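Take a look at the structure below.
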Amino acid sequence: MAAIVSLLIFSLLVLLSISSFVNALNLNYYDHTCPQLEPAVTKAVKKAMSNDKTVPAALLRMHFHDCFIRGCDASVLLESKGKNTAEKDGPPNISLHAFYVIDNAKKAVEALCPGVVSCADILAIAARDAVALSGGPTWEVPKGRKDGRISKATETRQLPAPTFNISQLTQNFAQRGLSVTDLVALSGGHTLGFAHCSSFQNRIHNFNASLDVDPTLHPSFASSLRSVCAAHNKVKNAGATLDSTATIFDNAYYKLLLQRKSVFSSDQALLTSPKTKALVSKFASSKEEFEKAFVMSMIKMSSITGGGQEIRLDCKVVR
Ligand code: HEM
Ligand SMILES: *[C@@H]1O[C@H](CO)[C@@H](O)[C@H](O)[C@H]1NC(C)=O
Ligand SMILES: *[C@@H]1O[C@H](CO)[C@@H](O)[C@H](O)[C@H]1NC(C)=O
Ligand SMILES: *[C@@H]1O[C@H](CO)[C@@H](O)[C@H](O)[C@H]1NC(C)=O
């Protein structure tokens, strides 16, 4: 009996270690197959940044969208084909851009080690570089993601919306194994980049039946948002930067949030629960604490397993 039990336990352990071997990402994944991978990606990101300072924000948001739909499997990079409308052509694609940076990095990597490195890994590395090259922290990216073959515009509904309240945000993150600490730390991604008027329209016009403007917005900040975004805004690409230093990765986002000068309802919502509010205060008063938490949460987010199964040759199309 004891022998059977230990045999069962032994086989279970073997199975577990095989399955974790299959799914687990690791830091040395390409050490033998593509040792020059990371410098090649960094070079492509640097080059693009020198021509366009909005590139880092774009890459960070692209990676977030990738990981939140079907796991980090480069589904965000696929193009619509035939009757299938891909994620990148789905509704909240507003401001997703700079896909060419990933294409250029992939070309460089294919020239070095053909058919070996997934687009999902390249995107994860590029997002890390985007943060580091903007003055933020750096970290080692676990690798070994596979590229998926499915990308559906309708699934972009699974992304959190800028109108979400704290319970909706918490639930959306929890569905991906991410905690409220991850929610607050990763919202710090809004230290980079820009939002179009449509993303914060709800706060500055017709807030509710009795108020035009969200009373949680600082009045002068609300006026400045209203001055760039008319009620029936027709100015293409009108909007606001997400913090006062939109090309620098710092903790200004949290400082402004405490002053009620953040752009989205979903940012403001982080002040509505004691736990998330305490984290906002902590990150506002310490850039180091923010960076430490951001790195841990990024590694967690970028390790959300996808159903990927292949290495694409062109990041825009399945093999
Ligand atoms: C917590 C839930 C989140 C919501 C509701 C949210 C929502 C949004 C919205 C609506 C925009 C502006 C789109 C536009 O109008 O152009 C935006 C931009 C951005 N988001 Fe988030 N986001 C969230 C979390 C994140 C996370 C986790 C990251 C990365 C760690 C991130 C990084 C960014 C960046 C960098 C931009 C600027 C993009 C650019 O300038 O091209 N966001 N986000
Ligand atoms: C976003 O989606 C719209 C259709 O919903 C599409 O026309 C547009 O090209 C997409 N934008 C990007 C950057 O892919
Ligand atoms: C958040 O919004 C949902 C959906 O509108 C609502 O059911 C819930 O009560 C709200 N929660 C909070 C804390 O406001
Ligand atoms: C509008 O929002 C304010 C602030 O949240 C609230 O006090 C008020 O009751 C709301 N009015 C209506 C009609 O919902």
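In listed order, ligands and their atoms are each counted from 1. A quick note: this is a predicted structure, and the numbers were derived from the prediction, not measured. Excluded from the calculations below are hydrogen atoms, water molecules and symmetry mates; all remaining heavy atoms, backbone and side chain alike, are included.
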| message | If you apply the rule side-chain contact (heavy atoms from CB on, under 4.5 Å), what do you find for Ser187 with Leu183, and how did you get there? | response | CA-CA 6 Å; Ser187 293; Leu183 167 64; 4.0 Å; yes
For [atom], what is the nearest protein heavy atom, given as residue, atom name and distance?
atom: atom 14 (O) of ligand 3; value: Asn165 ND2, 3.3 Å
atom: atom 41 (O) of ligand 1; value: His97 CE1, 3.2 Å
atom: atom 40 (O) of ligand 1; value: Phe194 N, 2.9 Å
atom: atom 30 (C) of ligand 1; value: Leu186 O, 3.5 Å
atom: atom 15 (O) of ligand 1; value: Ser199 OG, 2.5 Å
atom: atom 38 (C) of ligand 1; value: Arg61 CD, 3.6 Å
atom: atom 5 (O) of ligand 4; value: Phe207 CE2, 4.2 Å
atom: atom 4 (C) of ligand 3; value: Gln168 NE2, 3.5 Å
atom: atom 12 (C) of ligand 1; value: Phe264 CZ, 3.5 Å
atom: atom 13 (C) of ligand 4; value: Ser210 OG, 3.6 Å
atom: atom 39 (C) of ligand 1; value: Ala57 CB, 3.7 Å
atom: atom 1 (C) of ligand 4; value: Asn208 ND2, 1.4 Å

| task | Mind checking whether Leu242 contacts ligand 1 via backbone (N, CA, C, O), side chain (CB onward), both or neither, at a 4.0 Å heavy-atom cut-off? | result | side chain
| field | Met62/Leu77 under side-chain contact (heavy atoms from CB on, under 4.5 Å): CA gap, chis, key distance, verdict | value | CA-CA 9 Å; Met62 200 186 289; Leu77 304 177; 3.8 Å; yes
Tell me the nearest of [options] to [atom], using heavy-atom distances.
atom: atom 10 (C) of ligand 1; options: Ala240, Ala269, Pro162; value: Pro162
atom: atom 23 (C) of ligand 1; options: His190, Gln201, Met298; value: His190
atom: atom 2 (C) of ligand 1; options: Ser265, Ala195, Pro160; value: Pro160
atom: atom 1 (C) of ligand 1; options: Phe68, Phe173, Phe64; value: Phe173

| said: Looking at Phe99, I'd like to know if the NZ or CZ of Lys88 sits under 6.0 Å from its six-membered ring centre while staying within 45 degrees of the ring's axis. | reply: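 Judged by the rule, Lys88 and Phe99 form a cation-pi pair.
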Could you list the atoms of ligand 1 found under 4.0 angstrom from a heavy atom of [X]?
X: Ser266; answer: 5 (C)
X: Gly189; answer: 35 (C)
X: Ala161; answer: 5 (C)
X: Leu192; answer: 34 (C), 35 (C), 36 (C), 37 (C)
X: Gly193; answer: 37 (C), 40 (O)

| field | same_hphob_cluster(Leu256, Phe200) at 4.5 Å side-chain heavy-atom cutoff | value | no
| Which is it for Val280 and Leu258 under the side-chain contact (heavy atoms from CB on, under 4.5 Å) test, yes or no, and what are the steps along the way? | CA-CA 8 Å; Val280 170; Leu258 289 176; 3.9 Å; yes
| message | If we ignore hydrogens and angles and just use 3.5 Å, is the side chain of Ser118 paired with the main-chain N or O of Asp147 as donor and acceptor? | response |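 Flag not set: sc Ser118 to bb Asp147 has no pair under 3.5 Å.
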| field | salt bridge (Lys or Arg N to Asp or Glu O under 4.0 Å), paired with Glu310, selected from Arg319, Lys146, Arg149 | value |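 That would be Arg149; it is the only one of Arg319, Lys146, Arg149 passing the salt bridge (Lys or Arg N to Asp or Glu O under 4.0 Å) with Glu310.
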| said: Pair Phe249, Phe294 - check side-chain contact (heavy atoms from CB on, under 4.5 Å), show working. | reply: CA-CA 11 Å; Phe249 194 98; Phe294 185 80; 3.5 Å; yes
| task | Before accepting this row, confirm whether a basic side-chain N of the pair Glu110/Lys106 lies closer than 4.0 Å to the acidic partner's carboxylate O. | result | yes
| Looking at Thr138, Leu60, Val295, which hits side-chain contact (heavy atoms from CB on, under 4.5 Å) with Val131? |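 Testing each of Thr138, Leu60, Val295 against Val131, the sole residue satisfying side-chain contact (heavy atoms from CB on, under 4.5 Å) is Leu60.
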| request: Heavy-atom contacts with Leu211 under 4.0 Å: which atoms of ligand 4 show up? List them by number with element. | output: 2 (O), 3 (C)
| message | Under 4.0 Å from a heavy atom of Pro215: which atoms of ligand 4 are those, numbered in the order shown and with their elements? | response | 4 (C)
| said: Contact between Leu37 and Lys143 at the side-chain level, heavy atoms closer than 4.5 Å - yes or no? | reply: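 When only atoms from C-beta onward are counted, Lys143 and Leu37 do touch, with a gap below 4.5 Å.
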| query | Are the side chains of Leu133 and Lys46 in touch, meaning some heavy atoms are under 4.5 Å apart? | reply | yes
| field | Any side-chain donor near an acceptor of the partner, Asp214 and Ser265, under 3.5 Å | value |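 No, no side-chain donor-acceptor pair sits under 3.5 Å.
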| task | Go through ligand 3 atom by atom and flag the ones less than 4.0 Å from a non-hydrogen atom of Ser167. | result |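 This gives 1 (C), 10 (C), 11 (N), 12 (C), 13 (C) as the contact atoms.
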| query | Would you call the rings of Phe68 and Phe173 parallel, tilted or perpendicular if under 30° counts as parallel and over 60° as perpendicular? | reply |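 The arrangement is perpendicular - the two ring planes meet at more than 60°.
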| field | Heavy-atom pair with the smallest gap, counting every atom of Ala195 and Val263 | value | CB-CG1, 4.2 Å
| Which pair of non-hydrogen atoms, one from Cys72 and one from His63, has the smallest distance, and what is that distance? | SG-CE1, 4.3 Å
| Does the protein put a heavy atom under 4.0 Å from atom 9 (O) of ligand 3? |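 Answer no: nothing from the protein, no heavy atom, is under 4.0 Å.
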| request: Check whether any N or O atom of His196, backbone or side chain, sits under 3.5 Å from an N or O atom of ligand 1, and answer yes or no. | output: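 His196 vs ligand 1: N/O contact under 3.5 Å present.
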| task | Please determine if Ser187 has a nitrogen or oxygen closer than 3.5 Å to a nitrogen or oxygen of ligand 1. | result |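 No.
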